[in-house]
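Computation of the quantities below employed the complete heavy-atom set of this structure, encompassing side-chain atoms and omitting hydrogens, waters and symmetry-equivalent molecules. Since the model is a prediction, treat every value here as computed from it, not as a measurement.
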Amino acid sequence: MEYLWNDRGDEMKKIYACFCTDVIHEGHLNIIRQASKYGTVIAGVLGDQAMIRYNRFPTVSFEERKKMLENIPEVSRVVEQQDVVYDNIIKELRPDYVIHGDNWREGPMAMIRENVMACLEKWGGELIEVPYTYSESVSNMEAIMKERTAMPEFRRKRLRLLLKLCPIVKVIEVHSGLTGLIAEKTIVSGKSEINQFDAMWLSSLCDSTAKGKPDIELVDLSSRLRTVDDILEVTTKPIILDGDTGGLVEHFAYNVRTLERVGVSAVIIEDKTGLKKNSLFGTDVEQTQDSVEGFCEKIRAGKKAQRTEDFMIIARIESLILEKGIEDALERAAAYVRAGADGIMIHSRKKEPDEVFAFCDRFRETNRETPLVAVPTSYNAVTEEELRSHGVNIVIYANQLTRSAFPAMQRTAERILRHHRAKETEEELMSIQDIITLIDEI
């Protein structure tokens, strides 16, 4: 155990405060000033991986965040806190006090507060809470930081960074600004962790469906970019775009440049040609797989068109969908990686994940680095941990928001027609106040 002493040789109390911010504002300084009244201040800096779980994506490096705190006179020492929960850091430091703003008493952060109190109780430590600083300057600074994370140059590279920091990147389908806000703000807490989605999937199926159009590449990129813009405007998380077949090679190169410029992180294109049909129909409808050479040419054209290293082109393999087997899928995967693909998505419409697992295991025997993407729509009983154990890096929940919204809206419409009033629908409806709260004002 570490002891700290003042100039008179008296043992000093230790007080610990953890920060997860890219900028120090008056609210943080107030906590540090209050902390210094109780003893020696040890400041914690939340590590990058933990910050992401805390719903804060770092825009500056850990070392820069640490330096900001080291430059504050009242701070005696700065340490890294690697977890959202405080168990390990409190066990290591054994502080007499932990100090925090009182804004964590409700919502997902309440779990962290309970964790701190349980840890301190083991040896009689105390929690000090100070009123959260609500001021125009603090609000403006936080708004500026949020806007910064939404800028194309920051958002575009976030997917690559997430792949380095997260055990598995969790992606949810969005098709509008409102569903983007749901993906952005939905957070749940367990006993020892906070969970949220890491990125957003803009599905061509769901985007077309929201527009009342069939999923046959009828909705062109210009129209889809309007949806992208709606989502970009109100969110900060990275976007993966469903690019269908990618279209003509010459068109795909231009589209890559456009997507990269607006801040999309990745596009996934499937190795099929002709009129697009949804993969989950499998061989029930006529579908033609592109030749290896033809699809590789498209990948190379897209990579050549890029202007940054941030953007990703991910190749989606339809061999299992078309019942051509794992060997065909593996041969294609190897060729697509050689052509420059930044990731491989393996698709299946089987109810069990066995063939996906088999593909991933075989792929990982020779390639440990290229990200693997899975979309467990049909084999939906599989867990993220199971996918991760077979080498999957990204899991996409590709259409669940759309599929949940339609039955709910249809039930509401039917009840109004049946009862000739709206009262019977009210118990299933979100209040207007809650919807307004979800949407940020400038």
**Student:** Check whether K298 reaches the backbone of T245 with its side chain - one donor and one acceptor, N or O, closer than 3.5 Å.
**Tutor:** yes
**Student:** For D328 and Q289, what are the C-alpha separation, side-chain angles and deciding distance, and is it a side-chain contact (heavy atoms from CB on, under 4.5 Å)?
**Tutor:** CA-CA 11 Å; D328 183 78; Q289 196 169 22; 3.9 Å; yes
**Student:** Between atom CD1 of I52 and atom CZ of F57, what is the distance when rounded to the nearest 0.5 Å?
**Tutor:**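 So the gap between those two atoms works out to 4.5 Å.
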**Student:** I'd like to check D229 versus V262 (side-chain heavy atoms, cut-off strictly below 4.5 Å). Are they in contact?
**Tutor:**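 No - every pair of side-chain heavy atoms lies 4.5 Å or more apart.
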**Student:** Look at the side chain of N380 and the backbone N and O of P376, then say whether any donor-acceptor pair between them is shorter than 3.5 Å.
**Tutor:** no
**Student:** Determine whether a donor-acceptor pair (N or O, by modelled atom type, separation under 3.5 Å) exists between the side chain of S265 and the backbone of R155.
**Tutor:**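 Side chain of S265 to backbone of R155: a pair is present.
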**Student:** Quick one: CG on L221 to OH on Y254, what's the gap to the nearest 0.5 Å?
**Tutor:**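 Between atom CG of L221 and atom OH of Y254 there are 14.0 Å.
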**Student:** Between the side chain of S404 and the main-chain N/O of L401, is any donor-acceptor distance below 3.5 Å?
**Tutor:**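 Present.
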**Student:** Quiz question: by atom type and distance under 3.5 Å, do the side chains of T308 and E260 form a donor-acceptor pair?
**Tutor:**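 Looking only at side-chain atoms, E260 and T308 do form a donor-acceptor pair, the distance falling under 3.5 Å.
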**Student:** A side-chain contact here means heavy atoms from C-beta on lying under 4.5 Å apart; do L372 and R364 qualify?
**Tutor:** yes
**Student:** Give the minimum heavy-atom separation between T236 and T149, together with the two atoms involved.
**Tutor:**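 Minimum heavy-atom separation between T236 and T149: CG2-OG1, 3.2 Å.
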**Student:** Salt bridge (charged side-chain N to carboxylate O under 4.0 Å, His left out): which pairs involve residues 158-173, sequence neighbours left out?
**Tutor:** R160-D342
**Student:** Evaluate whether atom CD of E70 has more than 12 neighbouring non-hydrogen atoms of other residues, nucleotides or ligands under 6.0 angstrom away.
**Tutor:**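 Counting other residues, nucleotides and ligands, CD of E70 exceeds 12 neighbours.
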**Student:** Show, in sequence, the C-alpha distance, side-chain angles and deciding distance for L163 and M312, and conclude whether the side-chain contact (heavy atoms from CB on, under 4.5 Å) test is met.
**Tutor:** CA-CA 12 Å; L163 285 165; M312 299 178 68; 3.8 Å; yes
**Student:** To the nearest 0.5 Å, tell me how far I240 CD1 sits from I314 CD1.
**Tutor:**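 Between I240 CD1 and I314 CD1, I get 5.5 Å after rounding to 0.5 Å.
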**Student:** Is it true that a side-chain atom of K237 and a backbone atom of F197 form a donor plus acceptor pair closer than 3.5 Å?
**Tutor:** yes
**Student:** Within the structure provided, determine whether V375 and M345 are in side-chain contact (heavy-atom separation under 4.5 Å).
**Tutor:**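 In contact.
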**Student:** With salt bridge (charged side-chain N to carboxylate O under 4.0 Å, His left out) as the rule and sequence neighbours excluded, what pairs involving residues 369-392 come up?
**Tutor:** E385-R388
**Student:** Less than 4.5 Å apart, any side-chain heavy atom of V382 and any of H390?
**Tutor:** no
**Student:** Could you tell me whether the side chains of K213 and S223 share a donor-acceptor contact shorter than 3.5 Å?
**Tutor:** no
**Student:** Determine, for D48 against R65, whether the closest basic-nitrogen to carboxylate-oxygen distance falls under 4.0 angstrom.
**Tutor:** yes
**Student:** Are F363 and I346 close enough that some pair of their side-chain heavy atoms sits under 4.5 Å apart?
**Tutor:** no
**Student:** Pairing donors with acceptors under 3.5 angstrom, does anything connect the side chains of S431 and D434?
**Tutor:** yes
**Student:** Quick check for you: to the nearest 0.5 Å, what is the distance between Q196 atom CD and D198 atom CG?
**Tutor:** 6.5 Å
**Student:** Given side chains that start at C-beta, do those of K303 and Q306 come closer than 4.5 Å, heavy atoms only?
**Tutor:**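 The answer is yes, as the side chains (C-beta and beyond) meet within the 4.5 Å cut-off.
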**Student:** If only atom types and distance count, is the side chain of K272 paired as donor or acceptor with the main-chain N or O of E318 below 3.5 Å?
**Tutor:** no
**Student:** Could you check whether atom CD of E106 has more than 12 heavy atoms from other residues, nucleotides or ligands sitting under 6.0 Å from it?
**Tutor:**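 Check fails, neighbour count at 12 or below.
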**Student:** If a pair satisfies ring-ring contact (aromatic ring centres under 6.0 Å, His included) and one of its residues is in residues 81-128, list it, with sequence neighbours excluded.
**Tutor:** Y38-Y97, H100-W104
**Student:** Looking at side-chain heavy atoms only, is the closest gap between L322 and T288 below 4.5 Å?
**Tutor:** no
**Student:** Return the minimal non-hydrogen interatomic distance between I317 and A329, and the atom names on each side.
**Tutor:** CD1-O, 3.5 Å
**Student:** Which heavy atom of F295 sits nearest a heavy atom of A315, and at what distance?
**Tutor:**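 Shortest heavy-atom contact: CE2-CB, 3.8 Å.
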**Student:** Which atom names give the shortest non-hydrogen contact between G340 and I299, and what distance separates them?
**Tutor:** C-CG2, 3.9 Å
**Student:** Measure across A374 and Y379 and return the closest heavy-atom pair with its distance rounded to 0.1 Å.
**Tutor:**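 The answer is CB-OH, 3.6 Å.
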**Student:** State, with a plain yes or no, whether a side-chain heavy atom of M111 is found less than 4.5 Å away from one of V85.
**Tutor:**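 A side-chain contact exists here, since the closest heavy-atom pair is under 4.5 Å.
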**Student:** Around E428, counting heavy atoms of other residues, nucleotides and ligands shown, do more than 12 lie under 6.0 Å from its CD?
**Tutor:**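 Counting neighbours around CD of E428, more than 12 heavy atoms of other residues, nucleotides or ligands fall under 6.0 Å, so yes.
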**Student:** Could you go step by step and tell me if I326 and L320 meet the side-chain contact (heavy atoms from CB on, under 4.5 Å) rule?
**Tutor:** CA-CA 7 Å; I326 289 175; L320 302 184; 4.0 Å; yes
**Student:** If you apply the rule side-chain contact (heavy atoms from CB on, under 4.5 Å), what do you find for I32 with F19, and how did you get there?
**Tutor:** CA-CA 10 Å; I32 291 171; F19 297 90; 3.7 Å; yes
**Student:** Given 3.5 Å as the limit, does a donor-acceptor pair link the side chain of R338 with the main chain of C296, or not?
**Tutor:**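 Not confirmed, R338 side chain does not pair with C296 backbone.
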**Student:** Would you call E327-R362 a salt bridge at under 4.0 Å N-O?
**Tutor:**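 So E327 pairs with R362 through a salt bridge.
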**Student:** Ion pair present between D207 and K211, side-chain N to carboxylate O less than 4.0 angstrom?
**Tutor:** yes
**Student:** Any idea which heavy atoms bring D242 and R224 closest together, and the distance?
**Tutor:**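 Answer, listing the atom of D242 first, then R224: O-NH1, 2.5 Å.
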**Student:** Return the CD1 to CD distance between I31 and E129, rounded to the nearest 0.5 Å.
**Tutor:** 10.5 Å
**Student:** Is a side-chain N or O of R316 found less than 3.5 angstrom from the main chain of I268, in a donor-acceptor match?
**Tutor:** no
**Student:** Please answer whether the main-chain N or O of I42 pairs with a side-chain N or O of S76 as donor and acceptor at a distance below 3.5 Å.
**Tutor:**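 Such a contact is absent between S76 side chain and I42 backbone.
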**Student:** Return yes if some donor-acceptor pair links the side-chain N/O of T179 with the main-chain N/O of S176 below 3.5 Å, else return no.
**Tutor:**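 Yes, because the side chain of T179 sits within donor-acceptor range (under 3.5 Å) of the backbone of S176.
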**Student:** Got a second to check how far I15's CD1 is from D96's CG, nearest 0.5 Å?
**Tutor:** 9.0 Å
